[in-house]
Trainee: 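The following block contains the structure, expressed as structure tokens.
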Amino acid sequence: QVHLVESGGGSVQAGGSLRLSCTSSGYTFLSMAWFHQAPGKEREGIAAIDRDDSTAYSDSVKGRFTISKDNADNTLFLQMNDLKPEDTGMYYCAADRGLMTAIEAGFIPRDSDFDYMGQGTQVTVSA
């Protein structure tokens with residue numbers, strides 16, 4: 001059974017950094033992404049990466065966040081720099097067994113398009 005487990009969330013002041021991790025048990029996915037859900041808002045895709053290391057970012061995080069992966073450990077990362085109060089919320093890791101061509105084209109698929117989603121980790125950024 002596949003499990004995605006996020007870690008690395010916490011509280012930080014504006015301008016600070018955090019690094020999120022997502023480990024997957026026993027499976028290597030061809031497409032993975034991070035989603036953010038701010039309080040009272042819908043979940044949105046913020047970064048995605050595919051098997052070939054093509055990446056896509058939302059405008060809200062471009063230039064501040066970096067998505068990467070370690071294939072040997074089946075781990076996905078999200079380096080978050082220059083954090084802002086609006087980055088506060090839950091962060092979810094998503095994974096798909098297939099190669100999602102939208103990522104190479106610079107788009108982040110919808111959360112419902114992914115096969116698996118983790119339980120999330122909380123990030124709080126204070127002003």
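Fair warning: this is a prediction, and the values are worked out from it, not measured in the lab. The chain is numbered in sequence order, starting from 1.
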Trainee: Does L78 belong to the same Ile/Leu/Val/Met/Phe/Trp/Tyr cluster as Y116, with side-chain heavy atoms less than 4.5 Å apart forming each link?
Mentor: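 In one cluster: yes.
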Trainee: Given side chains that start at C-beta, do those of F107 and M100 come closer than 4.5 Å, heavy atoms only?
Mentor: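 In short, these two side chains do not touch, never coming nearer than 4.5 Å.
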Trainee: Can you see whether Y27 has R97 sitting over its ring - NZ or CZ less than 6.0 Å from the centre and within 45° of the normal?
Mentor: no
Trainee: Work out which heavy atom in G45 is nearest to a heavy atom in S58; give both atom names and the distance.
Mentor: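 Where G45 meets S58 most closely, the heavy atoms are O-CB, 3.6 Å.
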Trainee: Are F65 and S60 close enough that some pair of their side-chain heavy atoms sits under 4.5 Å apart?
Mentor: no
Trainee: Is the CD atom of Q79 crowded by more than 12 outside heavy atoms at less than 6.0 Å?
Mentor: yes
Trainee: I'd like to check the salt bridge (Lys or Arg N to Asp or Glu O under 4.0 Å) partners of R64; sequence neighbours left out, ordered by chain and number.
Mentor: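 So R64 forms a salt bridge (Lys or Arg N to Asp or Glu O under 4.0 Å) with D87.
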Trainee: Tell me whether T88 contacts the main-chain N or O of V125 through its side chain, where contact means a donor paired with an acceptor under 3.5 Å.
Mentor: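 Yes; at least one donor-acceptor contact below 3.5 Å.
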Trainee: Would a 4.5 Å heavy-atom cut-off, applied to side chains only, mark I49 and I103 as touching?
Mentor: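 Counting from C-beta outward, I49 and I103 never come under 4.5 Å.
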Trainee: Looking at every heavy atom in both A127 and A14, which two are closest together, and how far apart are they?
Mentor: CA-CB, 4.3 Å
Trainee: Please check if atom CD in Q13 has more than 12 non-hydrogen atoms from other residues, nucleotides or ligands closer than 6.0 Å.
Mentor: no
Trainee: What I'd like to find out is whether the side chain of F77 reaches to under 4.5 Å of the side chain of K69, using heavy atoms alone.
Mentor: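 Contact flag for F77/K69 side chains = no.
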Trainee: Show, in sequence, the C-alpha distance, side-chain angles and deciding distance for W34 and C22, and conclude whether the side-chain contact (heavy atoms from CB on, under 4.5 Å) test is met.
Mentor: CA-CA 9 Å; W34 287 99; C22 171; 3.7 Å; yes
Trainee: Out of curiosity, S68 OG to R19 CZ, how far, rounded to the nearest 0.5 Å?
Mentor: 6.0 Å
Trainee: Kindly give the heavy-atom pair with the smallest separation between E42 and Q37, and that separation in Å.
Mentor: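 E42 and Q37 have their closest heavy atoms at C-CG, 4.1 Å.
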Trainee: How close do D113 and D96 get, heavy atom to heavy atom, and via which atoms?
Mentor: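 Taking D113 first and D96 second, the nearest heavy atoms are O-OD1, 3.1 Å.
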Trainee: For L4 and C93, which heavy atoms make the closest approach, and how far apart are they?
Mentor: CD1-O, 3.7 Å
Trainee: Take F35 and M117 through the test side-chain contact (heavy atoms from CB on, under 4.5 Å) and record every step on the way to the result.
Mentor: CA-CA 9 Å; F35 285 80; M117 184 79 69; 4.2 Å; yes
Trainee: More than 12 heavy atoms of other residues, nucleotides or ligands under 6.0 Å from CD of Q122: is that the case?
Mentor: yes
Trainee: Have N81 and S17 got a donor and an acceptor in their side chains that come within less than 3.5 Å?
Mentor: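 The criterion, which ignores hydrogens and geometry beyond distance, is satisfied for S17 and N81.
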Trainee: With a 4.5 Å cut-off on side-chain heavy atoms, are V61 and H36 touching?
Mentor: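 Side-chain contact under 4.5 Å: no.
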Trainee: So, do I46 and Y57 sit near enough that their side-chain heavy atoms are less than 4.5 Å apart?
Mentor: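 They are not in contact (no side-chain heavy atoms under 4.5 Å apart), so the answer is no.
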Trainee: Assess the residue pair F114 and F29 against the criterion (ring pair (Phe, Tyr, Trp, His ring centres under 6.0 Å)); give the C-alpha distance rounded to whole Å, side-chain angles, the decisive distance to 0.1 Å, and a yes or no.
Mentor: CA-CA 10 Å; F114 287 85; F29 299 98; 9.7 Å; no
Trainee: Is any side-chain heavy atom of T121 less than 4.5 Å from a side-chain heavy atom of L20?
Mentor: yes
Trainee: Passes side-chain contact (heavy atoms from CB on, under 4.5 Å), I67 versus L76? Steps please.
Mentor: CA-CA 7 Å; I67 188 171; L76 180 72; 3.8 Å; yes
Trainee: Going through the checks in order, is the side-chain hydrogen bond (donor to acceptor under 3.5 Å, both in side chains) test met by T28 and N74?
Mentor: CA-CA 6 Å; T28 299; N74 290 326; 2.9 Å; yes
Trainee: Is the closest side-chain heavy-atom distance between L18 and L83 below 4.5 Å?
Mentor: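 With C-beta onward as the side chain, the pair touches.
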Trainee: Indicate whether the side chain of D50 and that of S31 have a donor and an acceptor atom separated by less than 3.5 Å.
Mentor: no
